[in-house]
Amino acid sequence: MENQSQDNKSSFAEDTAIQTMNLTREFGQQTAVDRININVRQGQIFGLLGPNGAGKSTTIKMLTTLLDPTSGTAIVAGFDIVDEPAQVRRRIGYVPQMLSADGALTGRENLMLSAKLYRMPGSERAARIDEALKFMGLENSAKKLVKTYSGGMIRRLELAQAMLHHPVVLFLDEPTIGLDPVARRIVWDRLLDLRRDYNMTVLITTHDMEEADQLCDELAILHEGRVATIGKPAELKAAIGPTATLDDVFAQCCGVMITEGGNYRDVRQTRSTVSRLG
Amino acid sequence: MTSGKHEARSAGSADSFSLVDFARQSIAIGESELKKLLRDPTELFSRAVQPILWLVIFGQVFSRVRGIPTGNISYLAFMCPGILAQSVLFSAIFYGIAVIWERDLGIVHKLLVSPAYRGALVFGKAISAGFRGLIQALIIYVIAFLMRIEISLSPHTILGVLLAVMLGSAIFSTFSLIIACIVKTRERFMGIGQVLTMPLFFASNAIYPLELMPKWLLIFARINPLTYLVDILRGLMIQGGHSAYGFMFDVVILGSIYAFLVVIASKLYPTLIQ
Ligand SMILES: Nc1ncnc2c1ncn2[C@@H]1O[C@H](COP(=O)(O)OP(=O)(O)O)[C@@H](O)[C@H]1O
Ligand SMILES: [Mg+2]
């Protein structure tokens, strides 16, 4: 894997939507993201999988130009995130980890603000907003204040906001965290539709194995800021054994497991406890 | 951050600057804020309490002292523009709290990922602070009218007062935004906000003339933007009032301070989320 991404570095392929080159971010002594090399093709749904603190949000913040890399860089939608952040911003959509739509505005007002900030011509705004609302199934709630929305509706509104300007790449930081299973499914379906209808490239972060398995064409498993392994979910599982799950993949390559809330559990420790008890 | 390449980043892109886009984006931000404000105006009315206390209680008591040299105008008329400036200061200086709140909600992240000019995001906030200031002005005019303070009601002085109030609001809200970007948490901000407001108020000509101040205090008063805001308001708002420094001088000082603050704030705002 390492070698493959090294080779890709020199030849930037036409259909590459995201390519990172030794992307690194330090916070003081701590290296939150450590020389990451990933390559995402146009139209892919790519997952960054890892427990809390693995460096997922920091990676997304760099790719969306919110945070400067300490070293290394990335090409997103054809532009360098360090040299041409303004060009990158025009071509991406972003849904942060928190439910970030403005609760004191209506759904439509949230979208209108985005439309204006993205320099959408006045003649196009209404049509684009209607399109996005319809796509996310929010036509009937558009005039309600967002603080009356459910978590799932807010997430869909944020997706509407992020897709409004038809970005080339969509970045979603833990898009289904805190959602009930039904709302989660709806978000997955909408993401698949976005890819199908607009050929959007989607990069999501998650610590949810099921989400990674069901939704992503390709995965990079992050562990303590590094890419532990990269590949299609099926390949990653097959490499370990015929009945292996992504949990097994994770445990194998990182020596730890991700627990329900997204924290680590040391596999070896659990095992030794079991053997002692047994 | 370490290599030269990474420092070049803040210089922005090769995109040519469009004033029309800048204005549109600022107005879009200001408009959203105004909608929110009008939807929940309780805060505005609660802000009316303090100026009422100052004018009705402090003002009426101190008018009897007659020890404060206010020239040919009454003490109440003298302090009325000062109280307006104070309420502009107090309602704008806690603006940073709202910004930190928006950061914690991820709203700031979303604004910063958009291709909007960073300066327009900052300027848009100032526009909405300006609206708050206008409502403060309205409240003070009403109180002053009810108390029969000798207010000047000619349209051009009122217009002047409103413009000065917007500029003052923009200055203090942008200053507040800068503090928010530095301290980043609500708790620390509240601490600093409390520490700043009263000194800014007392080290100014809001409720007593500069001539009464000891030398050391005068130095602070002279570098305090509130002093120049009060000076404009005192020249415009009341009958027979006059500006000690002259309107041109005040406007140039306040304008320069604001321009400086906007440049700093545009640089710091993107670091709020880091
Ligand atoms: N602004 C920051 N200052 C200092 N440390 C940070 C900051 N942001 C993230 N970190 C640290 O970097 C590591 C990665 O964080 P993050 O990218 O948020 O992880 P994830 O999103 O995978 O949970 C964590 O150890 C976190 O504490
Ligand atoms: Mg995270």
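Residue numbers begin at 1 in each chain, while the letters A, B, ... track the order of the sequences.
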Exercise. Highest number of heavy-atom pairs under 4.5 Å with chain B: which of Leu105(A), Leu99(A), Thr64(A)?
Worked result: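 Among Leu105(A), Leu99(A), Thr64(A), the one with the most close pairs to chain B is Leu105(A).
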
Please flag which part of [X] lies under 4.5 Å from any non-hydrogen atom of chain A: side chain, backbone, both or neither.
X: Asp104(B); value: backbone
X: Arg103(B); value: backbone
X: Ile29(B); value: both

Spacing of [X] atom [atom1] and [Y] atom [atom2] [to the nearest 0.5 Å]:
X: Leu66(A); Y: Leu272(B); atom1: CG; atom2: CG; value: 11.0 Å
X: Asp102(A); Y: Ile107(B); atom1: CG; atom2: CD1; value: 4.0 Å
X: Ser114(B); Y: Lys116(A); atom1: OG; atom2: NZ; value: 14.0 Å

If you count every heavy atom of other residues, nucleotides or ligands that lies below 6.0 Å from [X] atom [atom1], does the total exceed 12?
X: Tyr118(A); atom1: OH; answer: yes
X: Arg226(A); atom1: CZ; answer: no
X: Phe27(A); atom1: CZ; answer: yes

Exercise. With side chains defined as the heavy atoms from C-beta onward, is the minimum distance between Ser32(B) and Glu109(A) less than 4.5 Å?
Worked result: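 The answer is no, as the side chains (C-beta and beyond) never meet within the 4.5 Å cut-off.
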
Exercise. Do His109(B) and Lys61(A) have side-chain heavy atoms sitting under 4.5 Å apart?
Worked result: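 Of all side-chain heavy-atom pairs linking Lys61(A) with His109(B), at least one is under 4.5 Å.
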
For this session: Applying side chain to side chain contact (heavy atoms under 4.5 Å, CB included), run through Leu67(A) and Gln274(B) and close with a yes or a no.
Result: CA-CA 6 Å; Leu67(A) 201 60; Gln274(B) 291 177 7; 3.1 Å; yes

Problem set entry | Aromatic Tyr117(B) / basic Arg89(A) pairing, under 6.0 angstrom, 45° off normal |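 No, cation not above the ring by the 6.0 Å, 45° rule.
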
Exercise. Do you know which two heavy atoms are closest between Leu145(A) and Arg39(B), and how far apart they sit?
Worked result: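 Shortest heavy-atom contact: CD2-NH1, 3.4 Å.
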
Exercise. Which pair of heavy atoms, one from Ala104(A) and one from Lys36(B), lies closest together, and at what distance?
Worked result: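 So the two residues come closest at CB-CD, 3.5 Å.
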
Exercise. Would you say the side-chain atoms of Glu102(B) pair up with the backbone N or O of Ser100(A), donor to acceptor, closer than 3.5 Å?
Worked result: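 Flag not set: sc Glu102(B) to bb Ser100(A) has no pair under 3.5 Å.
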
Exercise. Would you say the side-chain atoms of Arg119(A) pair up with the backbone N or O of Arg24(B), donor to acceptor, closer than 3.5 Å?
Worked result: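 No, because the side chain of Arg119(A) does not come within donor-acceptor range (under 3.5 Å) of the backbone of Arg24(B).
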
Exercise. Checking Gln97(A) against chain B: side chain, backbone, both or neither under 4.5 Å from a heavy atom?
Worked result: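 Contact with chain B is absent: no heavy atom of Gln97(A) under 4.5 Å.
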
For this session: Run the numbers on Thr65(A) and Val113(B) for side chain to side chain contact (heavy atoms under 4.5 Å, CB included), then give the verdict.
Result: CA-CA 7 Å; Thr65(A) 78; Val113(B) 165; 5.6 Å; no

